[in-house]
Amino acid sequence: MPWRETNNPYFIWLSEIILQQTQVKQGLPYYNAFVAQFPTVFDLANAKESEVLKLWQGLGYYSRARNLHVTAKYIANTCNGEFPNTYKGLLKLKGIGDYTASAIASICFNEVTAVVDGNVYRVLSRYFGIDTPINSTKGIKAFKALAQELIDAKDPATFNQAIMEFGATQCRPKNPDCMFCPFQASCVAYNKGRVDELPVKLKKLKVKQRYFNFLVFLSKDNKTILEKRKGKGIWQNLYQFPLIETDDNMAHNDFLKLVKAHSLLNGKTFELHQYNNVPKVHKLSHQHLNTTFWIVNIDLVENGVPFETITDYPVPILIGNFIEVFHF
DNA sequence: AAGCCGGGGTT
DNA sequence: AACCCAGGCTT
């Protein structure tokens, strides 16, 4: 892993943000792309937010990219390009929470502050046989304190990375390699046959069903319409085709009435074609997006995006996949 | 304290 | 389908 070969806070920070809730395999190509396009924090600070989001496209949790850009500008413009060199200082930066502050402080500045990520929760809850839910306030405090007791004060960076890697490769969520585990003899969960019960986690979120209808405009002068998502909710500041959200999947005839009433089409002549008869189900962690793409053939569009510039815009991967398959 | 925020991979 | 991922922010 390239970020193992440096103590430069910029690179460590970048890697840690990318790896939040993201597996190394998925994040590595993005890390390489960011380092190539933004070699220093000043390069990142000088970029447009849309450039940052474009490079982040497909990685998800886009607030990470927006906060990355905010913090880059702050470090470059207010801190002379220098990151805070303490856990406490790092914690104040946007997008940096307890885990990331500890990771940067220990790896870059040898501060003795323990990281607690999903791996650490799993390793500690099993080894010590702790039932406290890892996502409860009590659990979060308890596991942080325990990790802080255990950390090697002489080499916190190695300790932190080692316990995480141990969780990722040996003490895995499913099928952990207990048979060849160096901690087998003293692991409470193993000796009580409770490895599969730990860690304990509270509740599971309910997945909400949503129904998205995207209007893919095709004008005679080869333009379409992209809109920037505003406000709260998913995909903030990313672009999409004009969206009509409904409370169920729509049949062509019913949807045609809705489209006719749409502000982009008042009174205009157009043809509507349903691109996919079976809704494409795009699964987010907390929502299932039942998606239908509708082709709208029309003479002219206002503020149209020329087909050849569509791929300049940062879009959710659901839209990006459509653009790839649909030959504009 | 609980809910929200992506996309990919494994079981 | 359920679960997890080198979590953090908002309400």
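Chain A is the first sequence line, chain B the second, and so forth, proteins listed ahead of strands; every chain is numbered from 1.
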- Has the side chain of A/R64 got a donor or acceptor atom sitting under 3.5 Å from an opposite partner on the base of C/dA6? no
- Please measure how far the P atom in C/dA6 lies from the corresponding atom in B/dG3, and state the result in whole Å. 25 Å
- A/K48 backbone acceptor or donor facing A/E51 side chain under 3.5 Å: yes
- Message: Using the side-chain heavy atoms of A/D117, tell me which of these nucleotides is nearest: C/dA6, B/dC5, B/dG7.
- Response: C/dA6
- Message: With a cut-off of less than 4.0 Å, is there a side-chain N or O of A/W235 near OP1 or OP2 of B/dG7?
- Response: yes
- Task: Look at A/Q21 and C/dC5 and indicate whether a side-chain polar atom (N or O) is within less than 4.0 Å of OP1 or OP2.
- Result: no
- Does OP1 or OP2 of B/dG7 have a side-chain N or O of A/Y62 closer than 4.0 Å? yes
- Query: Is a donor on one side and an acceptor on the other found under 3.5 Å between the side chain of A/Q170 and the backbone of A/D177?
  - Reply: yes
- Whole-angstrom distance between B/dG9 and C/dG8, as gauged at atom C1': 22 Å
- Query: Are A/T100 and C/dG8 close enough that a side-chain N or O sits under 4.0 Å from OP1 or OP2?
  - Reply: yes
- Message: Would you say A/K283 places a side-chain N or O within less than 4.0 Å of OP1 or OP2 belonging to C/dA1?
- Response: yes
- Item | Pairwise P distance for C/dC9 and B/dG8, with rounding to whole Å | 24 Å
- Ignoring backbone atoms, establish whether A/H286 has a side-chain N or O less than 4.0 Å from OP1 or OP2 of B/dC5. yes
- Message: With a cut-off of less than 4.0 Å, is there a side-chain N or O of A/R172 near OP1 or OP2 of C/dC4?
- Response: no
- With nearest nucleotides of DNA chain B determined for A/V315 and A/K206 from heavy-atom distances, which residue corresponds to the more 5′ nucleotide? A/K206
- Query: Quick one: on DNA chain C, does A/L93 or A/Q161 contact a more 5' nucleotide (nearest heavy atom)?
  - Reply: A/Q161
- Message: Any side-chain N or O of A/K232 below 4.0 angstrom from OP1/OP2 of C/dT11?
- Response: yes
